[in-house]
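This report concerns only the one structure given below.
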Amino acid sequence: FSKKYLNTKDKFYDESSINYHTFNWLFAAKKIGGAEVVAIAKKQIFNWNNKTYKITSFVWNINYVAKRLISLIYNFDFYAISSTAKEKKIYKMMIVRHFFILNLQTKIINSINRQSIEVNKALLLFSLINKLQHTKILKLINNQIRYNIDENGFHKSINPCLQAEYINHLYEIKNMCLFFKLEPSSEIKFQIMNMSSLLKNLFHKDNTIALFNGSNNANYKSIIKINNLYKDIKAKNLNNIKNGLAVFDYNKLKFFFDITKPTSKLLNLNLHAGTLSFEMSYDKEKIITNCGSIEKRIGKKPEFLRYSAAHSTIVLNNTNISELVEKKSYKRIPQIIEYNYYELKDSFLYEAMHDGYKDNLKSIIKRKIFISKRNTKITGEDTIISTKLNAQKKIYSIRFHLTPNCSCLITNDKKSILIKTISKTSWIFKSANKLTLEDSIYINDGKRINKTKQIVISGIASTPKNTERWSISKIE
């Protein structure tokens, strides 16, 4: 609904656009307003309704049906305001048809882990408006919440953007209940606070979202609004967790450590092979990052952004830690991820290991991160442990992707790299072995691919135990 779109004669729908079929454009149209936009919106709806789509068509995907139903109900007062009685009857029949199709699909699927909460939100909304039986739907929503949210308050995607989106769904369900004078369940009220408390700790010092498992800052303003709904909630401590993102947050330093356990097929559909990757920010500037992700909720995203090499982690033989082939993405994943957090005399220690390379490359990966209490310094120990005697040699690459805000200069001995940020803050990255600077990319807003650099430690693991030591510290 841009000016260019409005000025294009007779262009009322785009069959190739999946977003067109979800009817999410109705929300944008409503915001723009005006008689001309109302006329175009009505034309869009009638064109879609008059088109005969086969039941096997992608447009009847359960999630698309749910989105269309919600869009049609929420925006009814917008597109139907100047409609005739006959037109309103068509709209209502369209809404009813979507409800029955959606209800039938849920009965056929009959599986919590294959349904999104948005599906049941749509069914609940229609049922409350039309005074239908809704108890079973509310019970199913509560069961979905228990399935989708872990004990720490993480959405099982371990994706900060989807975390915020899920909180928004819970808010809407709560508000639906209150509007129709129903008491929201204790599960809904608790998880809104529980998930919101965790969301508050998923922002870097520059206030951007941490880039893990497909997250980006494309919907940053909306996420900030959701984050600010509960201003009085304290950010959850995420040091001693069992799964997800371990987080260190003290003074000006913020550190994220990915210890996500791939535990479900639904999670693995969007899984990024970034086990033990980390991100770091300091005083409103992000330094170490993962490459990020394209904003594309519907359809396939570029596969290369899911690769281990697109994350600040340890990679063997240029092979992904988890299998990312579509039909095999649940066959090779880390079966064991062990994580411990310790507060030592002079530092905080984050220690983790994974066996993602155990079967194919006969190796265990272990990473120790020490965060100094005395100065702004992070020290790392990355170890490759062979699980088989006389195992073949393996090439390893330890990657540290930098944001475009950083300019770099490698020293003559190639064991140190000087980093300077836009704010003129200086850092030094050191390694016991030689370093290289390579090209990388950074996608912060989900759209633009920005060129940047990455620091790489490379070598050959030829002994039963190989350890690389490195550090990054602020130059005072």
Item to check | Minimal non-hydrogen separation, Val315 against Ala309, with atom names | outcome: CG2-N, 4.1 Å
Item to check | Short side-chain to backbone donor-acceptor contact, Ser197 and Met193, under 3.5 Å | outcome: no
Next on the checklist: Is the distance between the ring centroids of Phe126 and His98 under 6.0 Å?
Outcome noted: no
Checklist entry - Which distance, rounded to the nearest 0.5 Å, do you find between the OH of Tyr79 and the NZ of Lys88? => result 11.0 Å
Next on the checklist: Counting the benzene-type ring for Trp, do Trp60 and Phe58 have ring centres under 6.0 Å apart?
Outcome noted: no
Item to check | OG on Ser196 to CD on Gln191, rounded to 0.5 Å | outcome: 10.0 Å
Checklist entry - Does the Asn194 side chain pair with the main chain of Phe190, one donor and one acceptor, at a distance under 3.5 Å? => result no
Checklist entry - Is a side-chain donor or acceptor of Tyr357 paired with a backbone partner of Leu316 at a separation under 3.5 angstrom? => result yes
Item to check | Min side-chain heavy-atom separation Tyr341-Ile241 under 4.5 Å | outcome: no
Checklist entry - Are Lys242 and Glu338 close enough, and set up right, to give a salt bridge (charged side-chain N to carboxylate O under 4.0 Å, His left out), and what steps lead you there? => result CA-CA 8 Å; Lys242 295 181 179 179; Glu338 294 181 356; over 6 Å; no
Next on the checklist: Regarding Glu295 and Asn216, do their side chains bring together a donor and an acceptor under 3.5 Å, going by distance alone?
Outcome noted: yes
Please tabulate, one pair per line, all N/O donor-acceptor pairs under 3.5 Å involving side-chain atoms of residues 220-229, not counting sequence neighbours.
residue: Tyr220; atom: OH; partner: Asn207; partner atom: O; Å: 2.9
residue: Asn228; atom: ND2; partner: Ile224; partner atom: O; Å: 3.3

Checklist entry - Does a side-chain N-to-carboxylate-O contact under 4.0 Å join Asp249 and Lys205? => result yes
Item to check | Lys358 atom NZ, over 12 foreign heavy atoms within 6.0 Å | outcome: no
Next on the checklist: Quick one about Gln144 and Asn120 (side-chain donor to acceptor, distance below 3.5 Å, no hydrogens or angles considered), yes or no?
Outcome noted: yes
Item to check | Check ion pair Glu438-Lys453 (N to O, under 4.0 angstrom) | outcome: no
Item to check | Straight-line distance of Ile371 CD1 to Glu343 CD, nearest 0.5 Å | outcome: 11.5 Å
Next on the checklist: Looking at Lys368 and Asp382, is there a salt bridge between them, counting it only when a charged N and a carboxylate O are closer than 4.0 Å?
Outcome noted: no
Next on the checklist: I need the full list of salt bridge (charged side-chain N to carboxylate O under 4.0 Å, His left out) pairs touching residues 119-139, with sequence neighbours left out, sorted by first then second residue.
Outcome noted: Lys121-Glu172
Item to check | Any donor-acceptor pair under 3.5 Å from Thr289 side chain to Cys291 backbone | outcome: no
Next on the checklist: On a heavy-atom basis, which atom in Phe304 and which in Ala310 lie closest, and how many Å separate them?
Outcome noted: O-CB, 3.8 Å
Checklist entry - Would you say Leu128 and Phe179 make side-chain contact, with heavy atoms under 4.5 Å? => result no
Checklist entry - Excluding sequence neighbours, so at least two apart, what forms side-chain contact (heavy atoms from CB on, under 4.5 Å) with Leu344? => result Tyr342, Ser347, Leu349, Phe370
Checklist entry - Do Thr208 and Asn217 have a side chain donor and acceptor closer than 3.5 Å? => result no
Item to check | Ser127 vs His134, side chain to side chain donor-acceptor pair (under 3.5 Å): CA-CA, chis, key distance, verdict | outcome: CA-CA 6 Å; Ser127 299; His134 55 265; over 6 Å; no
Checklist entry - Between His311 and His272, what is the ring plane arrangement, given parallel below 30°, perpendicular above 60°, and tilted in between? => result perpendicular
Checklist entry - What are the two closest heavy atoms between Ser312 and Asn290, and how far apart are they? => result N-OD1, 3.0 Å
Checklist entry - Once you round to the nearest 0.5 Å, how far does CD of Glu285 lie from OG of Ser281? => result 10.0 Å
Item to check | Donor-acceptor contact below 3.5 Å, side chain Thr387 vs main chain Lys362 | outcome: yes
Item to check | Pair Tyr91 + Phe46: ring centers closer than 6.0 Å | outcome: yes
Next on the checklist: Run the side-chain contact (heavy atoms from CB on, under 4.5 Å) test on Lys447 and Ile294 for me, step by step, so that the C-alpha distance in whole Å, both residues' side-chain angles and the decisive distance to 0.1 Å come before the verdict.
Outcome noted: CA-CA 6 Å; Lys447 300 175 184 177; Ile294 297 292; over 6 Å; no
Item to check | Short N-O contact, Arg367 and Glu468, less than 4.0 angstrom | outcome: no
Checklist entry - For the side chain of Asn317 and the backbone of Thr319, is there at least one donor-acceptor N/O pair under 3.5 Å apart? => result no
Checklist entry - What closest approach, in Å, do Asn24 and Ser71 show between heavy atoms, and which atom pair accounts for it? => result OD1-OG, 3.8 Å
Checklist entry - Would a distance-only check, ignoring hydrogens and angles, find a side-chain to backbone donor-acceptor pair under 3.5 Å from Lys261 to Ile336? => result no
Next on the checklist: For the residue pair Lys373 and Phe348, would you count it as a cation-pi contact if the rule is NZ or CZ under 6.0 angstrom from the ring centre and within 45 degrees of the ring axis?
Outcome noted: yes
Next on the checklist: Would you call the rings of Tyr53 and Trp48 parallel, tilted or perpendicular, taking 30° and 60° as the class edges?
Outcome noted: tilted
Checklist entry - Is Tyr166 close to Asn168 at the side-chain level, that is, under 4.5 Å between some pair of heavy atoms? => result no
Next on the checklist: We want to know whether Lys54 and Ser57 form a side-chain donor-acceptor pair, criterion being a heavy-atom distance below 3.5 angstrom.
Outcome noted: no
Next on the checklist: Quick one: does any side-chain atom of Lys254 pair with a main-chain N or O of Phe203 as donor and acceptor, under 3.5 Å?
Outcome noted: yes
Checklist entry - Would Asn49 and Arg97 count as a side chain to side chain donor-acceptor pair (under 3.5 Å) if you check the C-alpha gap in whole Å, the side-chain angles of each, and the deciding distance to 0.1 Å? => result CA-CA 11 Å; Asn49 192 51; Arg97 180 160 59 105; 2.8 Å; yes
Next on the checklist: Tell me which one of Tyr282, Phe248, Tyr350 satisfies ring pair (Phe, Tyr, Trp, His ring centres under 6.0 Å) with Phe255.
Outcome noted: Tyr350
Checklist entry - Do Asp258 and Thr260 meet the criterion of a side-chain donor-acceptor pair at a distance under 3.5 Å? => result yes
Item to check | Separation between NZ of Lys200 and NZ of Lys234, rounded to the nearest 0.5 Å | outcome: 13.0 Å
Checklist entry - Does Ala273 offer a backbone N or O that forms a donor-acceptor pair with the side chain of Ser308 under 3.5 Å? => result yes
Next on the checklist: For Trp470 together with Phe278, are the ring centres under 6.0 Å from each other?
Outcome noted: yes
Item to check | Gap separating the CD1 atom of Ile384 from the NZ atom of Lys394, nearest 0.5 angstrom | outcome: 8.0 Å
Next on the checklist: Under a 3.5 Å distance rule, please check whether Thr403 uses its side chain to pair with a backbone N or O of Lys286 as donor and acceptor.
Outcome noted: yes
Checklist entry - So do the side chains of Leu402 and Ser440 get within less than 4.5 Å of each other, counting heavy atoms only? => result no
Checklist entry - Any Lys/Arg nitrogen of Glu381 or Lys366 sitting under 4.0 Å from an Asp/Glu carboxylate oxygen of the other? => result no
Next on the checklist: Can you confirm whether Arg146 sits close enough to Asn143 that some side-chain heavy atom of one is under 4.5 Å from a side-chain heavy atom of the other?
Outcome noted: yes
Checklist entry - Got Leu102 and Phe99 here, is their nearest side-chain heavy-atom distance under 4.5 Å? => result no
Item to check | Side-chain heavy-atom pair Leu26, Tyr74 within 4.5 angstrom cut-off | outcome: no
Next on the checklist: Quick check: do His155 and Ile167 have side-chain heavy atoms less than 4.5 Å from each other?
Outcome noted: no
Checklist entry - Taking all non-hydrogen atoms of both residues, which atom of Ala29 and which atom of Val37 are closest, and how far apart? => result O-CG1, 3.5 Å
Checklist entry - Looking only at heavy atoms, what is the nearest atom pair of Gln454 and Asp439, with distance? => result NE2-O, 3.0 Å
